[in-house]
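Below you'll find the structure, written out as structure tokens, and then a few comments.
Counting convention: from 1, in listed order, for ligands and their atoms alike. Positions are given from 1 along the sequence.
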Amino acid sequence: MTMSTRPRIRNVGILAHVDAGKTTLTEAMLHVSGSIAEAGRGDKGTSHSDGLDVERRRGISVRASSLSFDWREVHFQLIDTPGHVDFSAEVERSLRVLDGAVLVISAVDGIQTQTETIWRALEARGLPVCIFLNKTDSVGADAAAVVAQLKAEFSPDLVWLNRAVGEGDGGVALIDLDDAEWAEVIEAVAATDEPLLDQWLAHDGDLEAEQWQPVLADAVADRRLFPVVCGAAKSGLGVEAVLDAIVRYLPDAPAAVDAPLSAVVFRLDHDAKLGRVAGVRLFAGKIRTRDRLDNVTAARQEQVTQIKRMRLGRYEDSPELGAGDIGFLCGLPEVRIGDILGDPSAVPGGYTLSAPLLSVQVTPDDAADFAPLAAALQQLSSEDPHLDFRWFQDERELHVRIMGTVQTEILTEILQTRFGLGAQFSAATVIYKETPATAGEGAESYTMPKPCWAIVRFELEPAPRGSGISYRSQVGKSDIDPKYQNEIANRIAHALEQGPKGWEVSDLSITLAEGCHHLLHSRPGDFKLATDMAILKGLVATETKLLEPMLAFRIRAPEQYIGKVTGDVVGMRGSFEPATIDSGQFTLTGRVPLATSMEYAIRLSSVTGGRGALFTSFDGYQDCLPEQGVERAYKGISPLDRAKYILWWRGAITDSFR
Ligand code: GDP
Ligand code: MG
């Protein structure tokens, strides 16, 4: 493909709650576009998009997979993302590389927990959305009722592009809108654009497709209108209609191939032959084999050895990638997810859908597998940074962070199939944080035994919830040389990894108030050690309070359960707004601690005979009383154990830095 004849590109994400039919729709698109003879099936383990063995066997998607095909002269790059809430991190990463999304919703089940989370994320990213109402052939399908629900809860600005008739009894057929229905669509489109509205009025509501279609495309691009296509992916119904809607109404990828390179790494794969393969999205410029790329995130040059594109789950060689493309680079062994290559200005910001709030310990079935297990978890953590693998060597403990317990099942399988390792996961514990209870200070004079010299004094102050960590220095260059000041600034995050209660310390401001180096005795690393010791002493002086993760919730259930449910929320130490009631259903919104509500979806379902629904999203950390949380012993040698810490530090320097 030469740059002058580049086709128009659509980078489209297929998003949905699990089981709504993403994999089925993706396969049907491949089939309809002529890329495959027969659509594969997630539930039969034959899909082209579910690449991992565990995905094929379990019929669920874990990794976002990417597939490309052509339809009506447009090059589609589809991202089929996992729907289970435990894999939200994967969804979040893929949102960054999309220009638009197809949100698949089951016409039987309507809005479900994850649908809502995804909608909010698409909203936050400002992505255009086309809705695919799937399963209109199933018993119980009610497209009109689901659209009414979408209008009430997501956006009133939906426009139908087709209709399903005979839905719900297996004999569904799709038909074009009749004249009266088209008139409604055109009116909605005209209402978004004054010149078109004038024409519409002048022509008595009669407009040509060439007049209103581009206006609808603009309105979709700005999220002022959302097209809705009905279908039944399983029997291929509505698949052409949704492909055409994507071509007509979702935006083109920017095509500035002659601009400077601007790209982001959005996934890392491990291939048996190629090793580490970095998935990238280009927003501007191009990449050719052997190019040296500027990794601005890591402040390093990268050399591309091979370029691949993904077709039907297989890598194919490609000489180059251009603006708008999604492709895969080999030869970047140190690259990480989120790294920006080239000019960052064209790359959209990252968006956090959800962070893992649970921690689990992993133990090998066979004690002899400890080191290979650690290496495997290290590898998985570099592919999915949210796992945040920690190896506590003194305790011989391996910990990872997870979104939910389904993820541990998948990790167990991946460890088994890819690494041949049997492992057990402990019960999940909530990840707490801690924060200073009052203002205070911590100082350290690390001047003995020579050679060493680092004197520091920090002032610590509590800061508002959610504000994170801020650091500044009041010390002049002549007192502490800039190279040591950098050492201190870069060490703060490490020094706050474990507070006196064993958790990461957050929501505070730290000032380096005083200190000095020594021209002869100060050595590189001395100030790191002094920082660790001074900050932890400071936190002991201020004392710390535990913070626990909170969830914002919304519960919908039949009216008669309102008393029981509000009682449950109070019992979980939650708070709520006055409930609203609408056609026999109440809606209750509020906040609950994660620690007390982990099992609540199950209880709500049993209390309401399956007729209650719970929606939750992470809503920050909040103070909790000591008896409501959990404290942990310090992992490793504590900087408070001064003599031992210094010895360990010096030993470590001898071992690994010289
Ligand atoms: P995903 O979890 O969103 O990827 O969902 P899948 O594509 O794996 O589909 C989940 C289940 O719904 C499978 O058993 C499909 O066969 C079924 N399914 C998907 N599309 C349709 C449809 O249009 N009609 C009916 N009746 N079933 C469907
Ligand atoms: Mg799937």
Taking only heavy atoms of Lys234, which atoms of ligand 1 are found under 4.0 Å from at least one of them?
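Once the distances to Lys234 are compared, the set is 16 (O), 20 (N), 21 (C), 22 (C), 23 (O), 24 (N), 25 (C), 27 (N), 28 (C).
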Of the listed options Thr23, Thr24, Asp19, Val139, closest to atom 19 (C) of ligand 1 (non-hydrogen atoms):
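Answer by nearest heavy atom: Thr24.
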Has ligand 1 got any nitrogen or oxygen that is less than 3.5 angstrom from a nitrogen or oxygen of [X]?
| X | value |
| --- | --- |
| Ala233 | yes |
| Lys135 | yes |
| Gly21 | yes |

Would you call Asp244 and Arg72 a salt bridge, using N to O less than 4.0 angstrom?
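Yes, Asp244 and Arg72 are salt-bridged.
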Ion pair Glu181/Arg163, N-O distance below 4.0 Å:
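Between Arg163 and Glu181 there is a salt bridge, with a charged N closer than 4.0 Å to a carboxylate O.
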Trp182-Trp160 aromatic ring centre distance below 6.0 Å:
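That pair fails the under 6.0 Å test.
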Heavy atom of Ser138, distance to ligand 1 below 4.0 Å
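Ser138: in contact with ligand 1 (<4.0 Å).
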With a 4.0 Å heavy-atom cut-off (strictly under), which part of Ala232 contacts ligand 1: side chain, backbone, both or neither?
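Looking at Ala232 and ligand 1, atoms from backbone and side chain both fall under 4.0 Å.
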For Ile131, which of Val146, Val229, Ile105 qualifies under side chain to side chain contact (heavy atoms under 4.5 Å, CB included)?
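With Ile131 as partner, Val146, Val229, Ile105 yield a single side chain to side chain contact (heavy atoms under 4.5 Å, CB included), made by Ile105.
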Are Arg223 and Phe226 in a cation-pi contact, defined as NZ or CZ under 6.0 Å from the six-membered ring centre and within 45° of the axis?
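No, cation not above the ring by the 6.0 Å, 45° rule.
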What residues form a salt bridge (charged side-chain N to carboxylate O under 4.0 Å, His left out) with Asp109, not counting sequence neighbours?
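Salt bridge (charged side-chain N to carboxylate O under 4.0 Å, His left out) check on Asp109 returns nothing, list empty.
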